[in-house]
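Data block below; observations after.
Because the structure is a prediction, the values reported are computed rather than measured. If you read the sequence from its start, that first residue is 1, and numbering goes on from there.
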Amino acid sequence: MRCAWATTPLGIAYHDAEWGVPVHDERILFEFLLLEGAQAGLSWETILQKRENYRKAFAGFDPKKVARFTAVQKRKLMKNEGIVRNHLKIDSTVTNAKAFLAVQKEFGSFDAYVWRFVGGRPRVNRSGKIPAKTAQSDALSKDLLKRGFKFAGSTICYAFMQAVGMADDHAAGCFRRR
């Protein structure tokens, strides 16, 4: 059995291979930070369908390259039908890339920074209810926003934490549950 939300081929593949798997790779952490921000107000399935387009549009999720995007590049992205064309979300990717690099410089890595919000280990949810946010996502959100990140509210942060395995919310009968 797998979690009930994984019902499409794309969703099943994502669930089975990625969701809830601890991530410590900087590029992948940046990827999910960007994708979770893009997802705000949309379905995750929509973002999964656009993921490869995001990878191409945002320099393979290289934060150093994204941080250097110009106004001309951002205007070009607004015409890219393969991504979510919302100027606030596009602007936030550049802002977040710069903030991501600042966090890396301060903490040695974004990984070292972000995982401290869960004590370095995934928080396994045994309640059976999947929360929209937690005290940990509230703290992460508050700190990210203080550092200048955009689209980093607590609900987005919790979805990010689930995506990168900081929170494990696999259902009780799911074969991926720890």
Side-chain angles (χ1 to χ4, degrees), residues 3-8 10-11 13-15 18-21 23 25-63 65-67 69 71 73-103 110 113-115 117-118 123 125 129-169:
C3 296
W5 62 263
T7 58
T8 67
L10 207 50
Y14 172 68
H15 171 274
E18 295 182 88
W19 193 65
V21 176
V23 171
D25 178 278
E26 296 291 291
R27 187 200 58 77
I28 297 171
L29 290 168
F30 181 66
E31 174 180 357
F32 279 112
L33 191 66
L34 188 153
L35 293 176
E36 292 296 348
Q39 187 266 333
L42 302 170
S43 74
W44 185 244
E45 184 74 19
T46 296
I47 299 305
L48 287 176
Q49 291 168 359
K50 295 178 179 286
R51 191 174 185 184
E52 283 307 312
N53 297 321
Y54 268 90
R55 187 168 278 118
K56 291 173 190 164
F58 292 96
F61 300 111
D62 181 334
K65 291 179 180 176
V66 175
F69 278 16
Q73 287 170 296
K74 290 190 281 184
R75 281 194 300 275
K76 186 177 176 185
L77 288 169
M78 281 297 294
K79 297 176 184 173
N80 184 337
E81 295 180 10
I83 66 170
V84 176
R85 294 178 293 169
N86 174 303
H87 76 90
L88 294 175
K89 290 180 180 184
I90 290 171
D91 285 346
S92 77
T93 62
V94 178
T95 300
N96 289 353
K98 291 174 184 176
F100 187 93
L101 295 173
V103 166
F110 191 80
Y113 163 77
V114 78
W115 276 88
F117 287 90
V118 292
R123 296 187 55 86
N125 180 2
K129 282 177 67 177
I130 298 178
K133 60 183 187 166
T134 62
Q136 293 78 21
S137 68
D138 288 347
L140 176 59
S141 172
K142 182 177 179 183
D143 200 66
L144 288 172
L145 293 169
K146 181 181 79 173
R147 293 171 183 281
F149 285 82
K150 305 293 182 201
F151 285 91
S154 188
T155 301
I156 290 172
C157 284
Y158 194 68
F160 167 80
M161 293 168 72
Q162 290 171 309
V164 302
M166 294 170 65
D168 181 352
D169 284 322

Inspect the surroundings of CZ in Arg147 and state if more than 12 heavy atoms from other residues, nucleotides or ligands are less than 6.0 Å away. yes
Taking only residues two or more places apart in sequence or in another chain, which ones pass side chain to side chain contact (heavy atoms under 4.5 Å, CB included) with Glu36? Gln39, Trp44, Ile156, Ala159, Phe160, Ala163
Can you confirm whether Asp169 sits close enough to Trp19 that some side-chain heavy atom of one is under 4.5 Å from a side-chain heavy atom of the other? yes
Looking at Trp115 and Val23, what are the two nearest heavy atoms and their distance? NE1-O, 2.9 Å
Closest heavy-atom contact between Asn96 and Gly148? OD1-O, 4.4 Å
Steps toward side-chain contact (heavy atoms from CB on, under 4.5 Å) verdict (Leu48, Arg51): CA-CA 5 Å; Leu48 287 176; Arg51 191 174 185 184; 4.3 Å; yes
So do the side chains of Phe149 and Leu33 get within less than 4.5 Å of each other, counting heavy atoms only? yes
At what distance, to the nearest 0.5 angstrom, does CZ of Arg123 lie from CD of Gln136? 3.5 Å
Between Ser154 and Lys133, which heavy-atom pair has the shortest distance, and what is it? OG-CB, 3.2 Å
Give a yes or no answer on whether the side chain of Asp62 reaches the backbone of Arg27 with a donor-acceptor pair at less than 3.5 Å. no
Search all heavy atoms of Thr134 against all heavy atoms of Tyr158 and return the closest pair with its distance. CG2-CE1, 3.4 Å
Atom pair SG (Cys157) and CE (Met166), whose distance is rounded to the nearest 0.5 Å: 9.0 Å
Taken to the nearest 0.5 Å, the spacing of Thr8 OG1 from Tyr14 OH works out to 12.0 Å
Could you walk me through whether Ile90 and Ile83 satisfy the side-chain contact (heavy atoms from CB on, under 4.5 Å) test, starting with their C-alpha distance in whole Å, then the side-chain angles of each, then the deciding distance to 0.1 Å, before giving a yes or no? CA-CA 9 Å; Ile90 290 171; Ile83 66 170; 4.1 Å; yes
Tell me the closest heavy-atom pair linking Leu101 and Ala67, and the distance in Å. CD1-CB, 3.7 Å
Test side-chain contact (heavy atoms from CB on, under 4.5 Å) applied to Leu144 and Val114, step by step: CA-CA 10 Å; Leu144 288 172; Val114 78; over 6 Å; no
Can you tell if the side chain of Val164 reaches within under 4.5 Å of the side chain of Leu29, non-hydrogen atoms only? yes
Report the distance from atom CZ of Phe61 to atom CG of Leu35, rounding to the nearest 0.5 Å. 4.5 Å
For Gln162 and Ile130: C-alpha separation, side-chain torsions, deciding distance, then whether side-chain contact (heavy atoms from CB on, under 4.5 Å) applies. CA-CA 10 Å; Gln162 290 171 309; Ile130 298 178; 3.4 Å; yes
Between Ser141 (side chain only) and Asp138 (backbone N and O only), is there a donor and an acceptor less than 3.5 Å apart? no
Which pairs with one or both residues in residues 74-84 pass salt bridge (Lys or Arg N to Asp or Glu O under 4.0 Å), sequence neighbours excluded? Lys74-Asp91
So does Lys56 pair up with Glu52, basic N to acidic O under 4.0 Å? no
State the OG-CE distance between Ser137 and Met161, to the nearest 0.5 angstrom. 6.0 Å
Expected output: side-chain Lys89 to main-chain Ala40 donor-acceptor under 3.5 Å: yes
Give a yes or no answer on whether the side chain of Asn53 reaches the backbone of Ala57 with a donor-acceptor pair at less than 3.5 Å. no
For Ala97 and Pro63 the tightest heavy-atom approach is CB-O, 3.5 Å
Excluding sequence neighbours, so at least two apart, what forms ring-ring contact (aromatic ring centres under 6.0 Å, His included) with Tyr54? Phe58
Do Tyr113 and Leu140 touch side chain to side chain, with heavy atoms closer than 4.5 Å? yes
Return the CG to CD1 distance between Leu10 and Ile47, rounded to the nearest 0.5 Å. 11.5 Å
